[in-house]
There are 2 protein chains.
Amino acid sequence: MQEQTYTGQRILESALHLFSTRGYVGATTREIAKNAGIAEVTLFRHFESKEKLFESVLNTYSFLPALKGLLPQVADKPYEEAMLTIATRFYEKLTHRKEMIKLIQAEVQRYPEKLLSIHKTFVDELRQTLAGYFKDLQKKKILADFDPEIGAMAFLGMCFSYFNSQEILMHKKHTQKTKEETLSGFVKIFVRGTAV
Amino acid sequence: MQEQTYTGQRILESALHLFSTRGYVGATTREIAKNAGIAEVTLFRHFESKEKLFESVLNTYSFLPALKGLLPQVADKPYEEAMLTIATRFYEKLTHRKEMIKLIQAEVQRYPEKLLSIHKTFVDELRQTLAGYFKDLQKKKILADFDPEIGAMAFLGMCFSYFNSQEILMHKKHTQKTKEETLSGFVKIFVRGTAV
DNA sequence: GCATTTTGTAAGCGCTTACTTACATATTAA
DNA sequence: TTAATATGTAAGTAAGCGCTTACAAAATGC
């Protein structure tokens with residue numbers, strides 16, 4: 001891949017921000033350049049076209065999943081405590097990737113193959129990692145008998161939806177419960193269930 | 001509200017479709033008209049401007065929440081069976097509103113107040129309805145002690161996330177488990193938990 | 001059968017967009 | 001100190017967009 005200069009890097013950062021907030025069409029090359037603090041003609045010296053810039057943004061900011069590295073850290077923790085740590089870290093990772101997630105949701109139909117590939121790689125890694133963790137605990141008879149894949153989907157799903165409503169749909173302005181209370185409540189329900 | 005003619009109705013349907021797949025900026029009035037099978041000049045005879053058309057689309061296709069009407073139907077069912085019915089109906093309602101949901105996700109930053117209001121009204125109604133149901137069952141000592149609001153968020157969240165990945169991010173092309181298996185698995189986990 | 005309403009066709013305006021060319025200036029490297 | 005490289009300024013092109021005007025044609029209503 002082309003080595004990025006300082007100017008090129010600023011262009012990419014500006015582009016990610018504007019592509020994710022305005023969409024591909026709504027983000028003009030004029031505005032991307034201005035936001036990056038350069039002349040528009042300079043943008044076209046670094047990137048052949050707007051479309052190539054968009055592709056570079058996707059390549060540069062694709063997900064770097066890291067839940068795998070987290071599991072050894074919670075291996076010796078009690079199950080419920082471990083799940084809370086995983087939920088909190090997952091939320092933090094999503095928050096760091098907020099702009100890329102917004103970009104994928106907004107433009108998934110403009111570049112379906114690429115964006116779905118990025119997203120799927122990310123989701124599959126998460127799901128498989130968490131499902132593997134559940135399988136291990138089931139072998140140790142710590143967990144009940146349920147489909148680990150579905151369990152992973154359920155858990156990540158409720159956390160992602162909460163992240164989505166708080167950070168992307170900005171409901172956090174109207175929320176009374178803290179993130180900690182909410183994630184803790186999710187974990188409690190996931191671990192203990194809701195029936196008597 | 002202005003009474004919609006047949007032509008006006010087709011324009012609105014075409015606009016919803018193109019606004020949700022291409023975004024507000026990416027959906028041109030030329031294409032909206034063509035897709036509706038009319039001349040572009042006719043579009044401007046029915047709607048003062050592109051922006052007024054967009055607003056009419058929001059007003060016309062705002063959510064019509066209907067989970068409330070469902071609860072009496074499941075009141076006498078066993079808890080787990082009732083939850084599966086609720087999950088299935090919720091998924092169906094989301095599927096019917098797929099384009100509006102896509103529109104909200106894509107354009108929430110262009111029209112934050114309006115779109116967030118629509119979405120929040122929808123989500124609040126769902127959450128409150130489901131939380132009320134949980135409270136009733138808790139009073140009857142059928143459910144454990146947990147925050148009904150957080151329970152509602154967790155349940156709706158995992159269902160929505162699954163819907164989002166299947167129907168909007170189109171992962172269903174790569175999915176082996178059926179929707180029924182997945183929702184059933186979600187409900188089982190939600191009701192019984194995952195710990196032994 | 002005629003009047004009214006609705007829509008189509010055609011042309012166009014003013015503006016914006018992505019992108020290019022040419023020359024000047026600033027910065028960096030030799 | 002000079003050469004090379006990177007960027008800025010200015011002007012411009014071609015295409016497309018939202019929207020309008022004028023007239024013709026089709027559909028509807030009385």
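Chain letters run A, B, ... following the sequence lines, proteins first and then strands; every chain starts at 1. Since we're looking at a predicted model, the values are computed, not measured. Atoms considered below: every heavy atom in the structure, side chains included; atoms not considered: hydrogens, waters and symmetry mates.
- Under the 3.5 Å distance criterion, with hydrogens and angles disregarded, no donor-acceptor pair is assigned to the side chains of T21(A) and K102(A).
- Between F155(B) and F134(B), a ring centre-to-centre spacing not shorter than 6.0 Å is recorded.
- Between Y6(B) atom OH and dT7(C) atom C1' the separation is 14 Å, expressed in whole Å.
- If you measure from atom CZ of F54(A) to atom P of dA18(C), you get 14 Å, rounded to the nearest angstrom.
- Rounding to whole angstrom units, NZ of residue K34(A) and C1' of dT9(D) are separated by 16 Å.
- Using a 4.0 Å heavy-atom cutoff across all strands shown, G26(A) reaches no nucleic acid atom at all.
- Summarising the geometry, the separation between CG on L53(A) and P on dA18(C) is reported as 11 Å, rounded to the nearest angstrom.
- Remark: H46(B) is not in phosphate contact with dT6(C), judged by side-chain N or O atoms under 4.0 Å from OP1 or OP2.
- At whole-Å resolution of the value, CZ in R10(B) and C1' in dG8(C) are 13 Å apart.
- When side chains are defined from C-beta on, L103(B) counts as touching V57(B), because their heavy atoms get closer than 4.5 Å.
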Let me have a per-nucleotide readout for nucleotides 13-30 of chain D, 5' to 3', with B, S or -, counting only protein heavy atoms under 4.0 Å. ----BBBBBB--------
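- Ring-plane geometry between F163(B) and F160(B) is classed as tilted, the angle between the planes lying from 30 to 60 degrees on a 0 to 90 degree scale.
- Using cut-offs of 30° and 60° for the angle between ring planes, the Y91(A) and Y162(A) rings count as tilted.
- A close approach under 4.0 Å does occur between a side-chain nitrogen or oxygen of T7(A) and OP1 or OP2 of dT7(D).
- Ion pairing between a basic and an acidic side chain is recognised when a charged N comes within 4.0 Å of a carboxylate O; E31(A) and K34(A) show no such pairing.
- Rounded to whole Å, atom C1' of dA6(D) lies 11 Å from atom CD1 of I38(A).
- Note on L43(A): nothing from the nucleic acid sits closer than 4.0 angstrom, heavy atoms only.
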